[in-house]
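Below you'll find the structure, written out as structure tokens, and then a few comments.
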Amino acid sequence: MALGRKTGGRKKGTPNKENPLKGYLRAHSLQYFEPRVQTDPITGNPREIQRQRLTEDPEGNVYKVIDIIPLTDTKGNPVTMSDFEADMIALSPNDRVNAELRLLEFHTPKMKAIDVDLNAAATVHTIEDRLRDLSDES
């Protein structure tokens, strides 16, 4: 036993060592959620995203269609949004809901199920009964 005093390890108040990988991942994550002008880094034109969907022709054949969605405003200028928002636009509605639900798990506390066993003995005691019980004790 240490007999109430520290015999090794870090001194009280010493901060944790900075992990370079965690720092890089944190910075990259913050950059992913910060708004920026959505332009193609190679051409400088407004960025376009692709969204896949299934469609059916009159004969009943199902095939995949890829829609090209330009990230522009009504004047054709690139919009300012985060890469996360652009990626969410590219998802199908079902995938978008699943992604939102999975992200929501990080922001809401998990609820635990609690089993409660209630057995109430419903015996009615009047004041007279209580007074009688108290007077018998002496």
Side-chain angles (χ1 to χ4, degrees):
M1 212 59 185
L3 301 176
R5 60 182 188 271
K6 284 187 73 112
T7 59
R10 292 190 291 179
K11 290 186 166 80
K12 184 177 181 180
T14 304
N16 294 337
K17 286 196 295 185
E18 191 62 33
N19 185 332
L21 178 60
K22 285 183 183 178
Y24 171 78
L25 291 174
R26 188 178 304 116
H28 186 268
S29 294
L30 289 175
Q31 188 179 28
Y32 181 67
F33 289 101
E34 286 182 2
R36 68 175 185 87
V37 177
Q38 293 292 322
T39 56
D40 188 326
I42 297 172
T43 64
N45 295 333
R47 186 172 158 209
E48 295 178 338
I49 57 175
Q50 298 178 355
R51 183 186 305 162
Q52 297 180 8
R53 63 182 169 91
L54 297 177
T55 188
E56 188 174 349
D57 60 10
E59 290 85 35
N61 298 322
V62 177
Y63 56 97
K64 187 188 309 183
V65 175
I66 297 176
D67 298 323
I68 304 294
I69 303 169
L71 297 179
T72 58
D73 59 10
T74 56
K75 297 178 183 176
N77 299 322
V79 295
T80 301
M81 67 172 54
S82 68
D83 290 337
F84 170 76
E85 292 171 306
D87 289 344
M88 290 299 281
I89 291 171
L91 293 175
S92 69
N94 288 342
D95 292 337
R96 194 175 311 132
V97 168
N98 287 334
E100 290 285 347
L101 288 174
R102 291 183 68 189
L103 285 172
L104 195 60
E105 292 176 5
F106 293 101
H107 297 284
T108 54
K110 297 212 185 282
M111 302 298 282
K112 286 188 173 182
I114 298 175
D115 293 332
V116 177
D117 185 20
L118 293 177
N119 292 326
T123 56
V124 179
H125 291 286
T126 62
I127 294 174
E128 290 83 11
D129 294 335
R130 181 70 178 141
L131 288 173
R132 195 177 305 111
D133 290 342
L134 291 173
S135 66
D136 290 342
E137 291 177 4
S138 49

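The structure presented is a predicted model; accordingly, all values stated were derived computationally and were not measured.
No more than 12 heavy atoms of other residues, nucleotides or ligands sit less than 6.0 Å from atom CD of Q31. Surrounding CG of L30 are more than 12 heavy atoms belonging to other residues, nucleotides or ligands, all under 6.0 Å away. Within 6.0 Å of OH on Y24 lie no more than 12 heavy atoms contributed by other residues, nucleotides or ligands.
The ring-ring contact (aromatic ring centres under 6.0 Å, His included) contacts involving residues 41-81 comprise nothing, where partners must be two or more places apart or lie in separate chains. Residue pairs meeting the salt bridge (charged side-chain N to carboxylate O under 4.0 Å, His left out) criterion with at least one partner in residues 35-55, sequence neighbours excluded, are R36-D83, R47-D83, R47-D87, R53-D67.
Between the CG atom of N77 and the CG atom of L71 there is a distance of 13.0 Å, given to the nearest 0.5 Å. Between the OG1 atom of T108 and the CG atom of L103 there is a distance of 11.0 Å, given to the nearest 0.5 Å. Q38 CD to N45 CG: the interatomic distance, rounded to the nearest 0.5 Å, is 13.5 Å. Here CD of E18 is found 5.5 Å from CZ of R26. Values are rounded to the nearest 0.5 Å. The distance from atom CD of E100 to atom CG of D95, rounded to the nearest 0.5 Å, is 12.0 Å. Rounding to the nearest 0.5 Å places NE2 of H125 at 7.5 Å from CG of D133.
Both I89 and V79 are members of a single hydrophobic cluster when ILVMFWY side chains are connected at heavy-atom separations under 4.5 Å. Connection of M81 to Y32 is not established within any shared hydrophobic cluster, with ILVMFWY side chains joined at heavy-atom distances below 4.5 Å, either directly or through further cluster members.
With a 4.5 Å cut-off on side-chain heavy atoms, H28 and L25 do not count as touching. Residues Q50 and I69 are not in side-chain contact: their nearest non-hydrogen atoms beyond the backbone lie 4.5 Å or more apart.
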How far apart are the C-alpha atoms of D129 and R132, what are their side-chain angles, what is the distance that settles it, and do they pass the salt bridge (charged side-chain N to carboxylate O under 4.0 Å, His left out) test?
CA-CA 5 Å; D129 294 335; R132 195 177 305 111; 2.9 Å; yes
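Between L54 and K64, the shortest heavy-atom contact is CD2-CA, 4.0 Å. When all heavy atoms of I49 and A86 are compared, the pair lying nearest together is CD1-O, 3.5 Å.
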